[in-house]
Every structure is written in structure tokens, then in C-alpha cells.
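Every chain is numbered from 1 and lettered A, B, ... according to where its sequence line falls, protein lines coming before strand lines.
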Amino acid sequence: MTQRPSWQEPPAPAGQSAKGLTLGGVLLMVLVPLWIVVLTSLSTKGAINRAGGLVIWPDGLTFEAYEEMLTDSTVRTALLVSFGITIVGTAISMVVSILCAYGLSRSNSFGHRFILVLLIITMFVSGGLIPTFLVVTGLGGYGQWWALILPGAVSVFNILILRSFYSSTAAELIDAARIDGGSEWRILWSIVLPTSRAVTAVISLFYAVGYWNSFFNVMLYMPTESEKWPLQYVLLTYVNRGVGMPGSVNSGFGMEHAQTAPLSLQMAVVVLTLVPLVIVYPFVQKHFRTGVLTGAIKG
Amino acid sequence: MVVPAVVLLLIFNYVPMVGVITAFQYYDPLIGIWDSDWAGLDQFQQLFADSRFWDALANTLYLSFVQLILFFPIPIALAMLLNSVLSERVRNFVQSVVYLPHFFSWVLVITIFQQMLGGAGALNQFLRSHNLGTWDVMTNPDTFALLVTFQGVWKEAGWGIIVFLAALAAINPGLYEAAAADGAGPFRRMWHITLPGLRGVIVLMLVLRLGGALSVGFEQFLIQREAVGHDAAEVLDTYAFYYGIATTNYSFGAAAGLFKSVISLLLIWGANKLAHSFGEDGLYRK
């Protein structure tokens with residue numbers, strides 16, 4: 001609890017309660033839908049029937065929907081695909097971005113101004129959807145895993161955030177290391193990276209969330225290969241659109257049950273797409289501000 | 001060290017910029033970009049003759065306008081409200097909750113909305129059980145603009161406060177103290193100190209917003225286009241997607257995309273000029 005500055009008037013009760021109500025309302029708007037979704041996914045069929053649909057108050061909880069979901073091959077594959085794309089994609093993006101940002105942060109490096117301009121231009125000018133699609137398919141990307149990762153692997157915005165951090169890493173420290181004969185790789189690995197753990201975590205989260213959430217690339221480059229679909233696409237076709245899933249071999253989740261799949265099962269898929277995020281989120285959340293602001297100010 | 005990033009950007013960002021020339025061709029993927037026939041401005045003539053294109057453009061501008069009016073003030077107000085909360089624990093808790101939806105995918109957000117407001121959702125479940133009839137917001141073209149704006153607010157307003165909070169934190173507390181000593185009440189202090197302190201960021205955010213006026217949220221519309229009908233949900237991006245890629249009429253779609261890029265660039269440039277004329281920095285210093 002911070003002390004109120006002496007010059008500030010004590011708040012009027014009316015204003016105070018209006019403030020509390022507004023903030024409370026904002027919190028409820030985010031939390032209530034999540035509460036309902038989670039609770040419904042954990043409810044027995046009986047409880048869902050009694051509630052007439054979505055469940056708002058706990059009543060007969062069970063993990064049945066999750067057990068059923070995880071024995072379904074479509075969801076299991078989608079989960080693996082999502083994790084695979086996210087992990088591989090984030091790793092590639094981070095390596096490429098860190099190297100690029102570090103290279104650009106050393107202001108004596110060859111041509112760094114030119115390359116910086118080259119990067120920034122892409123933030124404002126783009127070929128657009130269709131020329132990009134033609135390049136990726138032209139390189140044989142249709143139906144290939146790399147088409148989901150490489151075209152968006154570099155985020156110039158993220159590179160600029162990293163770069164401004166690396167630029168502000170104590171120059172003396174780096175000079176000292178250089179005098180001691182450390183190579184650029186060595187300096188990056190043992191000085192710059194360890195001193196910028198927070199921003200590395202934030203940027204990794206940004207990239208990971210991007211890969212985890214992506215569905216449009218799937219729609220573009222592998223719309224028909226349901227065995228390669230990530231979770232978001234399963235969520236879209238199956239839960240949101242209520243479509244039967246082509247190519248699904250499992251009868252539990254496949255064509256015949258598609259329209260009538262229990263609500264608890266649908267909500268379990270929703271929760272599944274949320275869980276990894278909610279696990280990682282608290283660890284990174286406190287660093288958001290630094291990451292976002294450097295980007296906004298120096299980008 | 002910069003080589004991998006530069007190579008990726010060259011391939012996936014710069015080559016497509018060159019690929020924009022397909023908009024001036026009758027591009028045939030079997031022949032390739034070098035041998036396809038030249039169309040001159042034919043694709044654009046077709047585009048401008050297509051009433052669906054003008055509908056999509058009108059929709060885009062309308063949605064953009066609604067989103068600007070209804071969305072823009074909310075993060076500012078929310079940031080000011082949060083900034084006035086003295087307890088750090090409450091502030092941190094509220095922040096971590098309101099940031100969260102920013103990390104949800106559009107698929108997830110729309111699924112959640114579907115479950116809350118859709119025909120079989122929580123709202124209608126409640127209405128039905130109290131014999132109040134039903135009200136399916138999710139498939140109603142008339143209120144679609146409000147719906148998508150509300151979705152946008154739900155997902156992004158919390159995240160949008162970060163930059164305003166930082167601007168608020170940067171205001172010198174001495175100014176408030178001096179103003180209070182001179183007898184300025186809370187509202188005068190807000191008007192004469194807080195809002196001028198936010199002015200630079202507000203202008204910057206407006207410039208960015210205007211620059212993106214033609215990109216109202218591709219994925220959000222793509223997902224909901226079928227349910228609402230394309231009369232209300234077709235925007236320039238979905239138009240280029242459906243009449244370019246889905247129908248393999250690539251040159252036509254590329255022309256639609258190019259039109260959008262050029263206008264967007266002009267909008268950014270114009271908005272930035274406007275910011276300069278108000279004496280603000282905008283995207284870059286003059």
C-alpha cells in the first residue's frame with residue numbers, strides 16, 4: 001500500500017465506489033467467460049443438462065471430457081503438432097533474432113545502418129497476402145511444415161526491442177571482454193545473453209504465442225491435410241464451426257459425432273488451447289512492461 | 001550474424017514486394033511470373049468495376065471508424081483509472097488479468113464469444129430460462145460492427161494500457177504537487193497535467209491507428225464471415241483472400257492487395273504529417 005501524497009484530497013466515497021465497481025466489472029468481463037468454460041469442461045453430462053447448457057456453478061465435476069479428449073487421435077496429433085510448431089518455430093525465431101539484434105547493436109559493424117533501414121522498411125511496406133503466398137508455394141511450401149514457420153520467423157519489431165537492450169548493455173563490460181580477447185560469439189553468449197534474460201523471456205513468449213495461435217498459415221498452406229492440423233485449427237473447424245472433421249479416423253471425435261459432441265468435450269478443447277499459455281504467463285508477465293516499452297519508444 | 005535474418009526477410013518480405021507485379025499480369029502459376037502475359041491495368045479495371053469490392057471497402061472504412069470511436073478512448077480511461085489506484089497489489093492483479101486476453105488467438109476469442117453470446121450460449125440460456133426470448137448477437141449483420149468492436153476491446157484494451165501507463169508514470173509528480181498548492185482540484189489537475197502528459201502517446205497511437213485503417217483485423221473477420229454473411233463481414237483483406245486465393249485468381253487478388261497497401265501507406269504518411277502540424281513527433285521526428 002503506497003501512502004497518499006499529502007497534497008492529494010482524500011477520495012469521496014462515491015468516486016471510490018465507482019472506481020471499485022468499474023475495475024470489478026472489467027475483471028469479471030475477463031474472468032467470468034473463462035470460469036464458465038473451465039467449469040463446463042469439468043462437468044458431468046447430468047450437470048450440463050441441469051444447467052440447460054453451460055455450467056455456471058460447480059455441480060458434479062469430472063475429468064471425463066479430458067480423458068475422452070486425450071484418447072482421441074485427432075486431438076492428440078493436433079496437440080503434438082502445436083507443440084512441435086511452437087517449440088521449433090520459437091527456437092528458430094529466437095536464434096535468428098538474437099543474432100541479428102546483437103549484430104545490429106554493435107554500431108561499428110559493417111553496413112549496420114543500411115541493414116537497419118532494410119529491416120524497418122518491411123514494417124511499413126509489404127507485398128501483401130497473395131504475392132507472399134505465391135513465393136511460399138513457388139518454393140514448394142504447400143503442405144510443408146516450414147511454410148508454417150519460416151515466412152513469419154523474423155519479427156522486425158522484436159529484433160528492435162532486443163537490439164535496444166543489447167545496445168544498453170554496459171559498453172565498458174563489452175570493451176573489457178574484447179580486450180581480454182573474447183570473440184563476438186563469446187561476448188554474446190557469456191555477457192550479453194545472461195544480462196538480458198528478462199527481455200529474452202518476453203520475446204520468446206511473444207514468438208511462442210504467435211506460433212501457438214497461428215491458424216491462418218494452416219488455412220493457406222495445408223487446408224486439407226487434417227493430420228497436420230494444429231490445435232487452433234481443430235478448435236476452429238470442430239468447436240467453432242461445428243463441422244465434421246475430414247480424415248479423422250477416430251469415431252469418438254469424427255464425422256458421426258461431430259454435430260452432437262458433448263459440450264464438455266468442446267470446452268475441454270478450448271481449455272487445452274489455453275493451458276500452456278496460463279502456465280507460462282505468470283513467469284513472464286512481470287517483464288512485459290520493459291519489453292513493450294522499449295519497442296514503443298525506440299522502435 | 002545478421003545474415004540469417006536478412007536472408008529470411010529478403011525471401012519472404014522483399015521478393016513478395018517484387019511479386020506485386022503479378023497485379024499487372026494474367027498470372028498463371030503453371031507458367032510462372034516471368035512468362036505470364038501482361039495485363040496492364042486490366043485487373044484494376046475489373047476490381048473497380050466490381051460492386052463487391054466497393055462494398056468491402058465501405059465495410060472496412062465503416063468498421064474502422066466504429067472501432068476508432070468506440071475503442072480508442074477505453075485504454076486511455078482504463079490506464080488513468082488504474083494509475084489512480086494506490087494499492088500496488090490491486091494494480092498488479094488487475095493488470096495481469098486484463099493483459100491476458102491479448103495472448104488468446106482469435107479462434108479462441110470468437111469461440112468464447114460464441115459460447116457466451118451465441119444462439120446456444122450462456123446469455124441466451126439465461127434469457128430462455130426466464131422466458132425472455134432469444135437474441136443471437138453472433139449472427140446478426142446489423143449489430144456486427146458493435147460486436148467486433150466489443151471483441152476487440154475485450155481482447156486488446158487491457159494490453160493497450162501499457163503504453164499509457166508508462167506515459168503516466170513519466171509525468172513529474174512535482175507538477176501535481178505544485179498545482180494542488182495553487183488550489184487546482186482533481187479535475188483541473190487531470191485536465192491541465194495528466195492529459196497534456198499523455199498527448200504525445202495519444203497522437204502516436206492515433207497515427208498508427210489511421211495507418212491501419214484499412215486493416216481492421218483479418219482473422220477476426222475471416223472466422224466470422226460465414227456466420228454473419230459477407231454483406232456485413234467482408235473487408236478488403238477477406239475480399240482479397242476469397243477472390244484471390246480461394247478462387248486461384250491470383251492477379252486479381254494481388255491487385256486488391258496492392259490497392260490496399262498503397263492507400264494504407266498514404267494514410268500513414270498523411271496522419272504523420274498531421275501529427276507534425278500539431279507539433280507532435282508522430283512516428284518519427286521531423
Original post:
Using non-hydrogen atoms only, which part of B:Tyr27 is less than 4.5 Å away from chain A: side chain, backbone, both, or neither?
Top reply: side chain
Subject >> B:Ile223 CD1 to A:Met219 CE distance, which is reported to the nearest 0.5 Å >> reply: 8.5 Å
Subject >> Proximal to chain A - members of residues 108-119 of chain B, heavy-atom separation under 4.5 Å >> reply: B:Leu108, B:Ile110, B:Thr111, B:Ile112, B:Gln115, B:Met116
Subject >> chain B contact via A:Trp185 - which portion, at a heavy-atom distance below 4.5 Å >> reply: both
Original post:
Highest number of heavy-atom pairs under 4.5 Å with chain B: which of A:Val26, A:Leu34, A:Leu188?
Top reply: A:Leu34
Subject >> Side-chain touch A:Asn213/B:Trp106, heavy atoms, less than 4.5 angstrom >> reply: no
**OP:** Side chain from CB out, backbone as N, CA, C, O: work out which of these in A:Val135 comes under 4.5 Å of a heavy atom of chain B, or both, or neither.
**Re:** side chain
**OP:** Measure distances from B:Leu258 to the heavy atoms of chain A and classify the residue's part below 4.5 Å as side chain, backbone, both or neither.
**Re:** neither
**OP:** Identify which part of B:Pro101 has an atom lying under 4.5 Å from any heavy atom of chain A, answering side chain, backbone, both or neither.
**Re:** side chain
Original post:
Rounded to the nearest 0.5 Å, how far apart are OH of B:Tyr14 and CG of A:Leu118?
Top reply: 3.5 Å
Subject >> Spacing of B:Ile245 atom CD1 and A:Leu134 atom CG [to the nearest 0.5 Å] >> reply: 7.5 Å
Original post:
Any donor and acceptor pair, going by atom type alone, linking the side chain of A:Gln232 with main-chain N or O of B:Ser105 inside 3.5 Å?
Top reply: no
Subject >> Straight-line distance of A:Gln8 CD to B:Arg189 CZ, nearest 0.5 Å >> reply: 6.0 Å
Original post:
Which heavy-atom pair separates B:Gln95 from A:Tyr281 by the least distance, and what is that distance?
Top reply: O-OH, 4.4 Å
Original post:
Looking at A:Cys100 and B:Val2, what are the two nearest heavy atoms and their distance?
Top reply: O-CG1, 3.6 Å
Original post:
chain A heavy atoms under 4.5 Å from B:Phe150: which part of the residue, side chain, backbone, both or neither?
Top reply: side chain
Original post:
More than 12 heavy atoms of other residues, nucleotides or ligands under 6.0 Å from CZ of B:Arg188: is that the case?
Top reply: no
**OP:** Could you tell me which portion of B:Ser129 (side chain, backbone, both or neither) has an atom closer than 4.5 angstrom to a non-hydrogen atom of chain A?
**Re:** neither
Original post:
By a 4.5 Å heavy-atom criterion (distance strictly below it), what part of B:Ser251 contacts chain A: side chain, backbone, both, or neither?
Top reply: neither
Subject >> B:Ile11, part contacting chain A, at a heavy-atom distance under 4.5 Å >> reply: both
**OP:** Count the heavy-atom pairs under 4.5 Å between each of A:Ile98, A:Thr122, A:Ile56 and chain B, then report the option with the highest count.
**Re:** A:Thr122
Original post:
At their closest point, which heavy atom of A:Leu27 faces which heavy atom of B:Phe93, and how far apart are they?
Top reply: CD1-CE2, 3.8 Å
Subject >> Winner by heavy-atom pair count (cut-off under 4.5 Å) against chain A, out of B:Pro186, B:Ala157, B:Ser264 >> reply: B:Pro186
Subject >> Interface moiety of B:Val6 toward chain A, non-hydrogen atoms closer than 4.5 Å >> reply: side chain
**OP:** Could you check which of B:Asn13, B:Leu9, B:Val85 has the highest count of heavy-atom pairs closer than 4.5 Å to chain A?
**Re:** B:Leu9
Subject >> Heavy-atom pair of closest approach, residues B:Ala122 and A:Ile36 >> reply: CB-CD1, 4.4 Å
**OP:** Kindly write out the residues that satisfy salt bridge (Lys or Arg N to Asp or Glu O under 4.0 Å) with A:Glu184, not counting sequence neighbours, or none if the list is empty.
**Re:** A:Arg178
Subject >> Most contacts with chain B, counted as non-hydrogen pairs under 4.5 angstrom, among A:Val136, A:Val278, A:Leu274, A:Val55 >> reply: A:Leu274
Subject >> Spacing of OG belonging to A:Ser126 relative to CE belonging to B:Met17, to within rounding of 0.5 Å >> reply: 7.0 Å
Subject >> Residue A:Leu150 versus chain B: region with a heavy atom under 4.5 Å >> reply: both
Original post:
Which one of B:Gly253, B:Ala256, B:Gly185, B:Gly257 has the most heavy-atom pairs closer than 4.5 Å to chain A?
Top reply: B:Gly253
Original post:
Top residue by heavy-atom pair count (under 4.5 Å) with chain B, among A:Leu54, A:Ile115, A:Val37?
Top reply: A:Leu54
**OP:** Specify the closest pair of heavy atoms between B:Gln125 and A:Ala51, including all atoms of both residues, with the distance to one decimal.
**Re:** NE2-O, 3.0 Å
**OP:** Measure the acute angle between the ring planes of B:Phe12 and A:Trp146, then classify it against the limits of 30° and 60° as parallel, tilted or perpendicular.
**Re:** tilted
Original post:
Considering only heavy atoms, which portion of A:Val32 lies under 4.5 Å from any heavy atom of chain B: side chain, backbone, both, or neither?
Top reply: neither
Original post:
Hey, what's the ring geometry for B:Tyr99 with A:Phe288, parallel, tilted or perpendicular (30° and 60° as the breaks)?
Top reply: tilted
**OP:** Given side-chain contact (heavy atoms from CB on, under 4.5 Å), test A:Leu220 with B:Phe241 step by step and report yes or no.
**Re:** CA-CA 10 Å; A:Leu220 279 182; B:Phe241 176 71; 3.6 Å; yes
Original post:
Do you know the tightest heavy-atom contact between B:Gly244 and A:Ile130?
Top reply: CA-CD1, 3.6 Å
Subject >> Heavy-atom check, side chain of A:Leu23 versus side chain of B:Leu82, under 4.5 Å >> reply: yes
Subject >> A:Thr273 portion near chain B, given a 4.5 angstrom heavy-atom threshold >> reply: side chain
Original post:
Should we say atom CZ of A:Phe124 is surrounded by more than 12 heavy atoms from elsewhere, each under 6.0 Å from it?
Top reply: yes
Subject >> Contacting moiety of B:Glu177, where chain A heavy atoms sit under 4.5 Å >> reply: both
Subject >> Whether B:Tyr250 and A:Phe133 hold their rings parallel, tilted or perpendicular, with breakpoints at 30° and 60° >> reply: tilted
Original post:
With a 4.5 angstrom heavy-atom cut-off, which part of B:Ala169 approaches chain A: side chain, backbone, both or neither?
Top reply: side chain
Original post:
Atom CH2 in A:Trp212, atom CZ in B:Phe104: separation rounded to 0.5 Å?
Top reply: 13.0 Å
Subject >> Interface moiety of B:Phe218 toward chain A, non-hydrogen atoms closer than 4.5 Å >> reply: side chain
